[in-house]
Each structure stands twice: as C-alpha cells, then as structure tokens.
There are 2 protein chains.
Amino acid sequence: MPADLPLDQILEGDCIELLASLPAESVDLIFADPPYNLQLQNELRRPDNSLVDAVNAHWDRFTSFSEYDAFTRAWLSACRRVLKPEGTLWVIGSYHNIYRVGAILQDLDFWILNDVVWIKSNPMPNFRGVRFTNAHETLLWAQKERGARYTFNHQTMRSINDDLQMRSDWYLPLCVGRERLRSNGVKLHPTQKPAALLYRILAASTRPGDVVLDPFFGTGTTGEAAIRLGRHWIGIEKEPVYIEAARKRLSCVHPDSDGISSSEKPDLRQRIRLPFGTLLEYGYLHPGDILYLGPDSAIQAVITPQGKLAVDGLIGSIHKVASQLQDRQANGWTDWYYYDASDHQRHPIDKLRQQILSSQETESDE
Amino acid sequence: MPADLPLDQILEGDCIELLASLPAESVDLIFADPPYNLQLQNELRRPDNSLVDAVNAHWDRFTSFSEYDAFTRAWLSACRRVLKPEGTLWVIGSYHNIYRVGAILQDLDFWILNDVVWIKSNPMPNFRGVRFTNAHETLLWAQKERGARYTFNHQTMRSINDDLQMRSDWYLPLCVGRERLRSNGVKLHPTQKPAALLYRILAASTRPGDVVLDPFFGTGTTGEAAIRLGRHWIGIEKEPVYIEAARKRLSCVHPDSDGISSSEKPDLRQRIRLPFGTLLEYGYLHPGDILYLGPDSAIQAVITPQGKLAVDGLIGSIHKVASQLQDRQANGWTDWYYYDASDHQRHPIDKLRQQILSSQETESDE
DNA sequence: TGGGATCTTGAATCCGCTT
DNA sequence: TAAGCGGATTCAAGATCCC
C-alpha cells in the first residue's frame with residue numbers, strides 16, 4: 001500500500017482533480033453514486049395536491065447527454081487509473097443515466113461482472129398513473145481488467161442469504177426513519193443510500209484491510225460500511241455541508257464486533273434456515289396458491305408474490321399470520337398445509353422445505 | 001392503417017431490409033428481443049461436469065462492441081421510421097448488451113418511459129460461485145417522440161396486480177415445461193421468452209386493433225400474445241426453422257374469450273367526457289336544485305340554468321366551486337351530493353353520470 | 001401507556017383536450 | 001400555440017396525534 005495514500009479521510013474538492021493526485025493502482029474497490037441527470041420539467045404534486053420535494057440540486061444539472069457523457073468519461077477514467085489491476089468498481093444509477101454509464105464503462109475496457117437491481121420495498125408511487133412505478137435502481141459491478149482475479153466472497157453472500165446463492169435482485173427499503181440524516185427535520189442529502197446496500201456491496205467484494213474509495217462521498221454511507229467491516233476508506237466530496245455531516249457521522253462508527261466481518265465462513269446453524277419465498281422460487285408453490293391452517297381446517301390464506309400470506313386484510317410471514325390467527329406463537333412451517341393434487345391430501349409445507357434442504361446438501365459445492 | 005401493411009403474417013428475411021420496405025409511421029408498438037451478444041469464451045460446465053447448453057447460435061456472434069453498436073443503430077433506426085409518432089418500443093436484453101442498446105436508443109431520440117426488470121423465479125445458478133446469480137433481464141420501454149401521447153393501460157395493470165399500481169419489477173418464471181417449444185426433445189430456440197411476459201407488455205401498452213411489430217420474431221411469442229389480446233401483428237424473422245415453428249404454433253392460437261382482454265377496466269382518462277350540464281339535459285337535475293358538499297355537510301349550492309353552481313357570490317363549475325370552498329384541488333363529481341327523495345339519502349352526482357355513461361355504452365355496443 | 005387513526009415522505013424524466 | 005380548465009391520480013413506513 002503506497003505510503004502517500006490518504007486513508008480513512010475525506011478529501012475536499014472535485015473528484016476528477018483529486019483522483020489525479022492519488023497514486024495509480026492503489027485502490028481495491030470503488031463505489032460511485034454519481035449525479036443521475038434527472039430531468040423533471042415541472043413541479044410534481046401528489047393526488048392530495050402536496051408538492052413532492054424532488055431532487056433539484058445544482059450538482060445534478062446537465063444540459064445534454066453529451067455533457068453528461070463527457071463528465072462520466074472523465075471520472076470513470078480517473079477512477080480506472082487509481083484502481084489496482086485486480087480491483088473492481090460499482091456504480092449505481094437509474095434509467096436516466098445508467099445506460100450512458102454502462103456503455104462508457106464498457107468503452108473504457110471495464111468488464112462487467114454483474115448488474116444488480118436494488119428493488120425498493122417502499123418506492124414513491126407514480127401519482128398520475130401514466131407509467132409503471134419506478135421501483136428499482138441499477139448497480140453495475142465491473143472489473144478493471146477482463147480476466148483478472150477479483151474478490152467475491154461467495155460464502156459470505158450465501159450465509160447472509162439463508163445459504164442460497166446471492167442473486168442479482170436485492171430487496172432493500174429506502175433510507176428513511178432514524179437512518180436518514182436530517183438537520184432541523186430537513187433531509188441533509190436528497191439521495192442518501194441505505195447503509196445495508198453499502199454493507200452488502202463491501203461484504204461481497206472486498207477483503208479486510210482493503211482500500212475502498214468513493215468519489216461522490218455525500219454523507220459518508222460508504223465510509224460507515226467500511227469502518228464496520230474493517231476496511232480502509234477514502235471519500236471525495238466537494239459540498240462542505242455533506243463533508244461536515246459525514247465527519248460527524250463517521251466519528252461515531254466502530255467496527256462490528258460480530259456479524260459478517262468476523263464470521264466470513266458460514267455458520268452451520270444457519271444452513272438450516274430457508275425463507276418461505278424459496279418455495280416459490282423453486283416452483284413448489286406459486287403466488288396465488290391457497291394454504292390451509294391445518295389438515296382439516298377451513299381457514300385459508302393466499303400466497304402473495306412477495307412470499308407472504310394474506311388472509312382478509314392480514315398480510316405477513318407464514319409465522320406471523322399463523323400466530324395471529326391462532327392467537328399463540330406458531331411455527332408456520334408446520335401449521336400451514338398445501339393441497340397435493342397427486343394424492344388428494346394436504347401436507348405441511350415443511351415437507352417441501354425438507355425436499356429443498358436435502359437437495360441442497362447433495363448439490364453443495366464444499 | 002395503410003392498405004399495404006402486411007398484417008398478421010411473418011416476413012421472411014433480414015429485419016433491417018424488410019423494415020425499410022414497410023410504410024413509415026404505420027405501427028403502434030414494437031417489441032424487440034435482439035441478439036444479446038453473449039460471448040462465453042469457453043464451454044460452461046455444471047458442478048457435475050455436464051455441459052450447459054448456452055446460447056451459441058451464429059446469429060449471436062459479434063466480434064466487437066462497435067460492430068454490435070452499428071447493428072443496433074441500424075435496426076433501431078429502421079424501427080423508428082415505421083413507428084407512429086405516438087408509438088412506443090420495448091427492447092429486452094441482459095447486461096451484455098442492454099447498456100449499448102439503451103445509450104443508442106437515447107442517442108436516436110427515443111425517450112425512455114420506464115426500465116422494467118424481469119426477475120426470474122428459476123434462473124440458472126452461477127455454478128462456480130464466482131459472481132451473483134444472474135437472476136434478471138432488463139426491458140426498456142421508450143416512446144418515439146418525447147412528450148407525445150402514448151398508450152398505457154393503467155387500470156388494466158392495476159386489476160392484474162391486486163388493485164395496486166404495477167411496478168417496474170416483474171416476477172415471472174422462465175419459459176420451461178410444456179410452454180417451451182421442442183423438437184425431438186431439444187429446445188427449438190435458445191432464448192424463447194415466456195408468453196406471460198409478452199402478454200403483460202401488450203396488455204399494458206397497446207389497444208385492441210393496434211399493430212404490433214416484432215423484428216426478431218423467433219418462434220412467435222409476440223404473435224401469440226397479440227392474437228390472444230385481439231391485436232394485429234407483424235413478425236420478421238430470417239431463420240427458416242423458427243419461421244416454420246412459429247407458423248405451426250400460431251395456427252392454433254385464438255383470441256382469449258376471457259382474461260385480461262375482456263376484463264379490461266375502462267381507463268377513466270380515455271372515456272368520453274361528459275359535461276355537468278348533460279345531467280340537466282337528461283332531466284336528472286334541474287336549474288334551481290340544491291347540491292350539498294358531502295353526505296352530511298350543511299354547505300349548499302344552487303344549480304344555475306347555465307349548468308354552473310352558485311354559492312353566495314361564487315359562481316363556477318362544479319370543480320371550481322368545490323375547490324374554492326375546500327381550499328384544495330377537488331373533483332366536483334365526487335364531492336357534490338344530491339338528495340334522492342326515493343330513498344331519502346344523499347348520493348354523489350357521479351352516480352348520475354355513471355348512469356348516463358352506462359346507458360351510452362349499451363347503446364353503442366354491438 | 002397502548003393502540004388505532006392520521007399525517008408525512010421518498011433519485012420521478014408524472015395529463016390532455018378545447019379554445 | 002399557449003393558456004385554460006376539466007377532472008383523474010398514490011404505496012409503504014415511520015412519525016405523530018388522539019382517545
């Protein structure tokens with residue numbers, strides 16, 4: 001590691017200039033959350049006529065695609081220089097910018113390893129009903145040089161995904177509530193990312209002690225994840241307000257004493273756990289199917305596309321719904337039954353879980 | 001509709017040439033599933049050493065991004081020419097090609113309306129555990145001209161999504177089992193799309209009788225959805241094997257007698273506008289009658305002979321008066337109530353409008 | 001203090017016909 | 001063509017209020 005690498009600090013200024021001042025091939029991972037080039041023409045109002053507080057920051061104003069492209073090429077090239085040959089890069093964006101970014105990234109000889117979709121559990125609806133709800137953002141994960149060795153902690157990802165391979169669709173809520181940084185009740189940054197997103201990214205693609213750089217540091221979510229996971233970080237940001245907020249925030253963050261960072265090998269106990277939704281993924285059950293609360297009970301519930309159960313107005317996990325209906329702590333796996341057309345009988349859904357678990361044991365790659 | 005438009009048939013040959021022979025601005029919707037530019041360097045084997053039957057067709061081989069870009073620009077431009085000004089275009093792809101396609105599409109002045117992610121319930125795992133399971137593909141939905149009116153059947157989408165807005169994340173299984181076309185047990189087309197995907201696309205963004213064109217028709221999934229939904233279709237394909245399979249397949253498809261197509265809720269935006277004065281013309285209400293601002297409110301207004309409402313010095317449309325009295329954006333149809341002497345209750349005046357609208361529908365429906 | 005009702009808000013390219 | 005205006009349009013969570 002070069003001695004002149006400014007570790008664990010925020011560099012104040014323009015990222016393209018500051019990146020040029022850093023030593024080449026010195027960084028293991030880059031996470032970038034660049035301006036999205038949103039182009040809302042007019043104000044937007046909800047059906048109750050209240051005004052939506054849209055992104056309208058000066059740093060997100062570009063006059064044309066070509067201006068945005070030039071900006072994108074500049075910061076991506078600067079990032080490429082400081083990245084180690086075996087390093088990788090993440091970029092997040094929406095449909096407004098991600099196709100520009102993706103194409104330029106490929107033109108600069110980055111090699112895409114995955115695209116990942118962050119699916120929001122609570123996106124803002126489309127108030128006018130004129131398009132589909134914009135419920136996801138896209139992450140690109142690319143390596144600097146095609147064919148180079150890169151870090152991917154497969155077992156760590158498995159262990160935080162109920163021992164299934166982590167897929168390219170990630171379900172995470174927006175950054176709201178206590179996690180969202182505010183000043184006098186006003187959100188500090190219009191697009192603060194959830195900590196869980198950065199935590200997963202760093203846990204997946206870095207090793208302890210690695211250097212993680214974020215050229216659009218904002219309020220420092222990347223730094224927080226790095227500290228918690230025992231990685232070094234470098235943040236670049238030019239807005240003094242964000243820098244101050246990030247410094248204050250990061251002064252209170254400490255490495256996790258347990259969790260992913262200290263248990264990078266999967267815990268054998270966790271191998272038994274399997275989310276109900278997996279039965280849908282495997283096609284054993286389908287959204288819309290009916291489950292019964294017991295072998296003879298008339299009480300029914302419908303499976304939702306999200307892998308929950310719905311009865312009347314009640315929606316929740318198999319365990320929660322079973323508990324509420326029976327007014328006691330319940331185990332959904334043994335309480336809910338499905339109808340098997342082949343033998344005309346009801347069986348507990350736990351039977352399906354056992355089938356998947358046993359098939360995974362034999363498929364296991366260890 | 002141009003008389004020389006070859007409806008409901010497959011055109012045999014190269015799509016760029018054949019598109020040039022079609023009349024300009026004649027097609028309502030284009031769905032394109034272009035070659036993905038997949039380039040597995042070596043054969044891919046599962047953990048049990050069996051060989052994965054990857055896409056390796058000759059039509060999916062490009063030697064460079066620039067060659068793929070030129071091809072993409074050519075077919076997208078040709079599509080743009082035949083599309084009506086208010087027409088829209090869908091393209092599906094994976095991370096190998098969708099960023100090229102998206103950027104070129106924007107460069108050609110298509111205007112992106114949404115990107116949609118098709119999330120596969122049963123994707124192929126990443127056998128070696130070196131990346132995230134590639135569990136989704138990306139769809140781009142764009143209009144030919146920014147700001148033009150386009151078709152989006154919001155109410156239809158709502159009704160097939162439990163009365164919630166349809167989001168940009170779609171959960172559909174891969175095309176497998178009986179749906180997958182096979183010849184002697186071998187899959188006929190390496191990337192046959194599920195019928196449910198095309199069905200949703202056409203149900204969302206076309207109207208009955210519209211012309212849907214697919215420049216990479218393959219085995220005709222787009223044609224099947226079009227027939228089932230009562231839309232015209234044009235398929236372009238150059239592989240004789242696929243053409244033969246599509247012809248055979250489509251000869252057995254018939255319009256749905258039920259399902260989405262017949263349960264399409266009328267989009268309120270698209271129905272005929274009916275002025276408040278019509279209620280007076282029909283004799284449902286009379287000048288001088290009293291309306292009430294809610295089921296219990298004491299606030300009253302008088303109907304003027306001009307079909308306006310008057311309260312104190314205030315005179316205006318049902319909407320304007322309701323908005324001013326309540327100090328918010330209001331819909332007069334649902335806010336104003338009339339007194340029905342037959343049941344001694346107040347009802348929204350929208351009830352009267354519905355009666356007229358339904359009587360008009362039964363008159364015009366043959 | 002508990003729970004139900006109401007209010008607030010989040011990276012959003014967000015109306016369309018008539019005059 | 002730009003302005004006017006009729007009238008259609010929202011989901012999930014967390015925070016706050018109220019009884």
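Throughout, a chain's letter reflects where its sequence line sits, starting with A, and its residues are numbered from 1.
Nucleotides C/dC14 and D/dG7, compared at atom C1', are 16 Å apart to the nearest Å. Taking atom C1' on both nucleotides, D/dT10 is separated from C/dT8 by 13 Å, rounded to a whole Å. Spacing between D/dA8 and C/dT18 at atom P, rounded to whole Å, works out to 15 Å. Taking atom C1' on both C/dC7 and C/dA11, the two are 23 Å apart, rounded to the nearest angstrom.
Just one of A/L213, A/I112, A/L76 meets the side-chain contact (heavy atoms from CB on, under 4.5 Å) condition when paired with A/L89; it is A/L76.
Counting non-hydrogen atoms under 4.0 angstrom, B/D335 reaches nothing in the nucleic acid. Across all strands shown, A/R180 has heavy atoms under 4.0 Å from sugar-phosphate atoms exclusively, and none from any base. Contact annotation for A/P173: no contact, since no heavy-atom pair falls under 4.0 Å across all strands. Contact annotation for A/P194: no contact, since no heavy-atom pair falls under 4.0 Å across all strands. Within the nucleic acid shown, B/R167 has no heavy atom closer than 4.0 Å to any nucleic acid atom. Residue A/N134 is classed as a sugar-phosphate contact, given heavy-atom separations below 4.0 Å to backbone atoms only. Across all strands, B/L113 comes closer than 4.0 Å to no nucleic acid atom at all (heavy-atom distances). A/N42 comes within 4.0 angstrom of a nucleotide base, judged by non-hydrogen atoms across all strands. Among the atoms of the strands shown, base atoms are found under 4.0 Å from some heavy atom of A/T191.
The side chain of A/N126 approaches C/dC14 more closely than any other nucleotide in the set C/dC14, C/dG10, D/dA8. Side-chain proximity of A/L44 to the nucleotides D/dT10, C/dA11, C/dC14 is greatest for C/dC14. For B/K320, the listed nucleotide lying nearest its side chain is D/dG6; candidates were C/dA11, D/dT9, D/dG6. Considering only side-chain atoms of A/V130, the nucleotide from D/dA12, C/dC15, C/dA11 that sits closest is C/dC15. Residue A/V176 has its side chain nearest to D/dG14 when only D/dG14, D/dA15, C/dC15 are considered. When distances run from any side-chain atom of A/R128 to the nucleotides D/dA13, C/dA11, C/dC14, the shortest one goes to C/dC14. Of the candidate nucleotides C/dC14, D/dA12, D/dT10, D/dA12 has the atom lying nearest to any side-chain atom of A/N122.
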Every protein N/O lying under 3.5 Å from an N/O of nucleotides 17-19 of chain C:
residue	atom	partner	partner atom	Å
C/dC17	OP1	B/R149	NH1	3.4
C/dC17	OP2	B/R149	NH1	3.4

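Closest-nucleotide positions on DNA chain D for A/R46 and B/S317 were compared, and the one nearer the 5' end corresponds to B/S317. Taking for each of A/P125 and A/S50 the nucleotide of DNA chain C with the nearest heavy atom, the 5'-most of the two is the partner of A/S50.
B/T156 and B/A203 make their closest contact through CG2-O, 4.3 Å (heavy atoms, listed as atom of the first residue, atom of the second, distance). Closest approach of B/G102 and B/L140 over heavy atoms only: CA-CD1, 3.6 Å. Heavy-atom minimum distance, B/T304 versus B/L309: CG2-C, 4.3 Å. Closest of all the heavy-atom pairs between B/I30 and B/V27 is CG1-CG1, 3.9 Å. The two residues B/Q143 and B/R146 have their closest heavy-atom pair at OE1-CA, 3.7 Å. When all heavy atoms are compared, the tightest approach of B/L291 to B/F276 is CD1-CZ, 4.0 Å.
Near DNA chain C, meaning a heavy atom under 4.0 Å from it, residues 98-111 of chain B has B/W111 in order of number.
At the phosphate of C/dT9, neither OP1 nor OP2 sits under 4.0 Å from any side-chain N or O atom of A/K187. OP1 or OP2 of D/dG7 has at least one side-chain nitrogen or oxygen of B/H319 nearer than 4.0 Å. Contact between the side-chain N/O atoms of B/R328 and the OP1/OP2 oxygens of D/dG7 is not found at any separation under 4.0 Å.
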Checklist entry - B/N161 and B/Q165: side chain to side chain donor-acceptor pair (under 3.5 Å), yes or no, with the steps? => result CA-CA 7 Å; B/N161 193 42; B/Q165 277 198 341; over 6 Å; no
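Remark: A/R249 engages A/L181, A/Q192, A/T219, A/T221, A/E224 in a side-chain contact (heavy atoms from CB on, under 4.5 Å) (not counting sequence neighbours). Remark: A/K193 pairs with A/D33, A/Y36, A/I92, A/W118, A/E137, A/T191, A/L197, A/L198 by the side-chain contact (heavy atoms from CB on, under 4.5 Å) rule, at least two apart or across chains. A/D53 is linked by a side-chain contact (heavy atoms from CB on, under 4.5 Å) to A/K187, counting only residues two or more places apart in sequence or in another chain.
Atom CZ in A/F127 sits about 12 Å away from atom P in C/dA11, given to the nearest Å. In this structure, the CE atom of B/M157 is 15 Å from the P atom of D/dT9, given to the nearest Å. Atom pair A/R45:CZ and D/dA8:C1' shows a separation of 16 Å (rounding to whole Å applied). For B/L274 and D/dG7, the CG to P distance is 8 Å, given to the nearest whole Å. Atoms CE (A/M124) and C1' (C/dT8) sit 11 Å apart, rounded to a whole Å. Protein atom CZ of B/F276 is 12 Å distant from nucleotide atom P of D/dG6, rounded to whole Å. Whole-Å rounding puts the A/L51 CG to D/dT10 P distance at 19 Å. Rounded to whole Å, the distance from CD on B/Q165 to C1' on D/dA12 is 12 Å.
Remark: A/R167 engages A/D169 in a salt bridge, criterion side-chain N to carboxylate O under 4.0 Å.
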For DNA chain D, the expected dot-bracket line (Watson-Crick or G-U under 3.5 Å, [ ] crossing, | inter-strand) is .|||||....|||||||||
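A donor N or O paired with an acceptor N or O is found under 3.5 Å between the base of C/dA11 and the side-chain atoms of A/K193.
The closest side-chain donor-acceptor pair between A/T222 and A/W233, if any, does not fall under 3.5 angstrom.
Residues B/W170 and B/I201 form a side-chain contact, since some pair of their non-hydrogen atoms from C-beta on lies under 4.5 Å apart.
Expressed to the nearest 0.5 Å, how far CZ of B/R80 lies from CZ of B/F110 amounts to 5.0 Å.
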